[in-house]
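This chain uses plain numbering: 1 for the first residue, then up along the sequence.
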Amino acid sequence: MATNEQIGRKRLVVGAHYGSFDFLVQRMTAVILAVYSVLFLVCALFTSINYESWKGFFTFTFFGLPMGQISATLAFFSLAWHAWIGVRDIWMDYVKPAGLRVALHVLTVLWLIGSVLFFANIVWSL
């Protein structure tokens with residue numbers, strides 16, 4: 001039974017409080033991925049599919065900035081962050097042993113960091 005100290009403004013609140021922030025981040029990263037996907041699809045439909053056209057897409061500059069590389073990197077970081085939030089929530093909801101859950105978190109983070117570094121190496125070496 002709850003005591004008066006646990007009800008209302010004086011209740012004991014515990015937990016990581018990920019909810020609202022992560023909800024907004026997942027929606028923002030989804031919008032970034034959707035915009036990039038449409039941009040990428042439009043470019044793919046109206047250009048020939050060969051190495052030079054793909055390289056041109058990724059090395060497109062605007063005011064001296066490599067917009068193709070920047071937009072691809074932003075989309076990939078969004079994908080990694082979006083994936084982290086989703087997979088972390090799966091591990092927290094369904095993996096009960098704390099040691100196994102932490103190990104899965106660490107492996108997921110290492111995999112995502114490795115993927116981002118591999119991606120950056122490819123896109124920024126063009």
Side-chain angles (χ1 to χ4, degrees):
M1 182 123 190
T3 64
N4 287 339
E5 296 169 357
Q6 295 173 326
I7 299 173
R9 293 188 309 189
K10 294 184 178 184
R11 70 186 171 132
L12 178 62
V13 179
V14 296
H17 306 289
Y18 291 120
S20 299
F21 178 74
D22 286 342
F23 177 84
L24 291 175
V25 168
Q26 275 218 303
R27 276 33 183 197
M28 289 186 307
T29 56
V31 168
I32 291 169
L33 290 169
V35 169
Y36 182 77
S37 296
V38 169
L39 172 71
F40 189 82
L41 182 64
V42 167
C43 288
L45 288 175
F46 292 109
T47 61
S48 60
I49 299 178
N50 59 30
Y51 177 75
E52 293 303 320
S53 64
W54 287 106
K55 186 175 179 181
F57 173 76
F58 287 108
T59 58
F60 168 73
T61 59
F62 188 70
F63 291 116
L65 295 172
M67 296 308 292
Q69 291 168 318
I70 290 172
S71 62
T73 303
L74 177 64
F76 199 81
F77 278 126
S78 296
L79 177 65
W81 199 356
H82 192 92
W84 164 246
I85 292 171
V87 172
R88 186 205 61 213
D89 287 349
I90 290 170
W91 297 149
M92 289 181 5
D93 288 346
Y94 296 109
V95 179
K96 297 306 176 191
L100 178 59
R101 186 171 55 237
V102 169
L104 289 170
H105 281 168
V106 169
L107 290 173
T108 303
V109 167
L110 291 175
W111 175 72
L112 288 171
I113 289 171
S115 297
V116 167
L117 292 175
F118 184 71
F119 167 83
N121 183 36
I122 292 171
V123 169
W124 289 94
S125 67
L126 293 176

Open item on the list: Test question: given the 4.5 Å side-chain rule for I, L, V, M, F, W and Y, name all other residues clustered with Leu45, or answer none.
Closed with: Val38, Leu41, Val42, Phe46
- [ ] Can you establish whether the number of heavy atoms outside Phe58 located under 6.0 Å from its atom CZ is more than 12?
- [x] yes
Going from [atom1] on [X] to [atom2] on [Y], what distance comes out if it is rounded to the nearest 0.5 angstrom?
| X | Y | atom1 | atom2 | answer |
| --- | --- | --- | --- | --- |
| Asp22 | Arg27 | CG | CZ | 10.5 Å |
| Leu117 | Leu112 | CG | CG | 11.0 Å |
| Gln69 | Leu74 | CD | CG | 13.5 Å |
| Phe60 | Ile70 | CZ | CD1 | 11.0 Å |
| Leu107 | His105 | CG | NE2 | 11.0 Å |

Is there a path of hydrophobic side-chain contacts, each under 4.5 Å between heavy atoms of I/L/V/M/F/W/Y residues, joining [Y] to [X]?
| X | Y | result |
| --- | --- | --- |
| Trp111 | Trp84 | yes |
| Phe23 | Val87 | no |
| Val31 | Phe40 | no |
| Leu65 | Phe62 | yes |
| Leu104 | Leu110 | no |

- [ ] Give the C-alpha distance, both sets of side-chain angles, the deciding distance and a yes or no for side chain to side chain contact (heavy atoms under 4.5 Å, CB included) between Trp81 and Val25.
- [x] CA-CA 8 Å; Trp81 199 356; Val25 168; 3.5 Å; yes
[X] versus [Y], closest heavy-atom pair with distance:
| X | Y | answer |
| --- | --- | --- |
| Phe76 | Ser115 | CE2-O, 3.5 Å |
| Thr61 | Pro66 | CG2-CA, 4.1 Å |
| His82 | Gln26 | O-NE2, 3.1 Å |
| Thr73 | Phe119 | CA-CE2, 3.6 Å |
| Met92 | Lys96 | O-NZ, 4.4 Å |

TODO: For Leu33, check side chain to side chain contact (heavy atoms under 4.5 Å, CB included) against everything at least two apart and list the hits.
DONE: Ala75, Ser78, Leu79
Task: Trp91 backbone acceptor or donor facing Arg101 side chain under 3.5 Å - done: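 Answer holds: no.
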Open item on the list: Please enumerate all residues that pass ring-ring contact (aromatic ring centres under 6.0 Å, His included) together with Trp124, with sequence neighbours excluded.
Closed with: none
